[in-house]
**Q** 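Below is one structure. I have some questions about it.
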Amino acid sequence: MENIEKREQLYEGKAKKVYATNDPNLVIVDYKDDATAFNGEKKGTITGKGVINNVMSNHMFQLLEQQGVPTHFVEQLSERETLVKKVSIVPLEVIIRNAGSFAKRFGVEEGIVFDEPTIEFSYKNDELGDPLMNAYHAIALKAATREEIETIKAMAFKVNEVMKQYFDTLNVILVDFKLEFGKTADGKIVLADEISPDTCRLWDKTTKEKLDKDRFRRDMGGVEEAYQEIMKRARSA
Ligand code: ADP
Ligand code: UDP
């Protein structure tokens, strides 16, 4: 991309900043090392996380594009910055689970593997603590239309198939993850935000060691090392 100029900051979130550019349809996301958990109650820094999440996300988005999933990705600009299509975010956190981190909710063993993946939505609203929501609630609140929900569901399961296979080649189990979708200026639904160890549960296939943000959430130590390990495996794949 030529002649892209970074303009004013539009938003600072918990993990990223978003900047305007001279093109109204493009924004720059800038990945920070800041880490939060439990809706911002727990705060910290994971040194080097911003760089890893930027590179990992872009790698995933490019892989997904190749497999026919439209994403917001345009071009990586630096270690921490990426040019993306500006979207209006559908206010749903879309969570796919291949295995049972939601064990506690239903009284089953953690790590139980499902025959088929599950999908669920949370309403993206920090003040309300991102409450769980079904498709009818989402339609009633005009968070998305019925057609958009169907598109999002199909895309999310496709993302899961591509990512599951990819992580398997890294000797990693993709337990669960969160996706966000957005609408471009012309109304097309694309995958947005990020896909990284912040937003996925990733377990070593052999040892079942956690290689994701759960190490930060649960004060397990070895947080930076876990992010670096995922990056190392991705680079050597
Ligand atoms: P949060 O808002 O949850 O603290 P982040 O720190 O990751 O999250 O901030 C990034 C923000 O940018 C999020 O609100 C996310 O929904 C939004 N976003 C992600 N991709 C795009 C995009 N392509 N266009 C506009 N906004 C985006
Ligand atoms: N997730 C996320 N952001 C959130 C909430 C969840 O990225 O605000 C991811 C999380 O990393 C995990 C998946 O979504 O990979 C499911 O998380 P959730 O908190 O729902 O799991 P639970 O602890 O309820 O099993």
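Order of listing sets the numbers, starting from 1, for every ligand and every atom in it.
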**Q** So do the side chains of L211 and R233 get within less than 4.5 Å of each other, counting heavy atoms only?
**A** yes
**Q** Is the closest heavy-atom distance from V175 to ligand 2 below 4.0 Å?
**A** no
**Q** Would you mind finding which of R217, R97, K178, E194 brings a heavy atom closest to atom 18 (P) of ligand 2?
**A** R97
**Q** Count the heavy atoms belonging to other residues, nucleotides or ligands that lie under 6.0 Å from NZ of K85, then report whether that count exceeds 12.
**A** yes
**Q** Would you say K213 contacts ligand 2, with heavy atoms under 4.0 Å as the rule?
**A** no
**Q** Quick one: does E224's side chain get under 4.5 Å of I46's, heavy atoms only?
**A** yes
**Q** Is any side-chain heavy atom of I139 less than 4.5 Å from a side-chain heavy atom of T145?
**A** no
**Q** If only atom types and distance count, is the side chain of H72 paired as donor or acceptor with the main-chain N or O of D193 below 3.5 Å?
**A** yes
**Q** Under a 4.0 Å heavy-atom limit, does C200 contact ligand 2 with its side chain, its backbone, both, or neither?
**A** backbone
**Q** Is it the case that over 12 heavy atoms from other parts of the model lie below 6.0 angstrom from the NZ atom of K42?
**A** yes
**Q** Out of I195, D212, D176, indicate the one that has the non-hydrogen atom closest to atom 12 (C) of ligand 2.
**A** D176
**Q** Can you list the atoms of ligand 2 that are under 4.0 Å from a heavy atom of F177?
**A** 14 (O), 15 (O)
**Q** As an exercise, identify every atom of ligand 2 less than 4.0 angstrom from a heavy atom of D198.
**A** 7 (O), 11 (O)
**Q** Say whether N39 and D130, considering side chains only, have a donor N or O and an acceptor N or O under 3.5 Å apart.
**A** no
**Q** List every atom of ligand 2 that sits less than 4.0 Å from any heavy atom of T199, numbering the atoms from 1 in the order shown and giving each element.
**A** 7 (O), 9 (C), 11 (O), 15 (O)
**Q** Using atom types as modelled and distance alone, determine if a side-chain donor or acceptor of K208 lies under 3.5 Å from a backbone N or O of K205.
**A** yes
**Q** Relative to atom 23 (O) of ligand 2, which among K14, R201, K124, E93 owns the nearest non-hydrogen atom?
**A** R201
**Q** So which of D33, D30, N53 actually passes side chain to side chain donor-acceptor pair (under 3.5 Å) with R80?
**A** D33
**Q** Testing the 3.5 Å rule here: is there a donor-acceptor pair between the side chains of D198 and Y227?
**A** yes
**Q** List ligand 1's nitrogen or oxygen atoms that come under 3.5 Å of a protein nitrogen or oxygen, with the partner atom and distance.
**A**
| residue | atom | partner | partner atom | Å |
| --- | --- | --- | --- | --- |
| ligand 1 | 2 (O) | Y11 | OH | 2.5 |
| ligand 1 | 3 (O) | K14 | NZ | 3.1 |
| ligand 1 | 4 (O) | K14 | N | 2.6 |
| ligand 1 | 4 (O) | K14 | NZ | 3.1 |
| ligand 1 | 6 (O) | K14 | N | 2.8 |
| ligand 1 | 6 (O) | A15 | N | 2.6 |
| ligand 1 | 6 (O) | K16 | N | 2.8 |
| ligand 1 | 7 (O) | K16 | NZ | 2.6 |
| ligand 1 | 16 (O) | E180 | OE1 | 2.7 |
| ligand 1 | 20 (N) | D193 | N | 3.2 |
| ligand 1 | 23 (N) | H72 | ND1 | 2.8 |
| ligand 1 | 23 (N) | K85 | O | 2.8 |
| ligand 1 | 24 (N) | V87 | N | 3.1 |

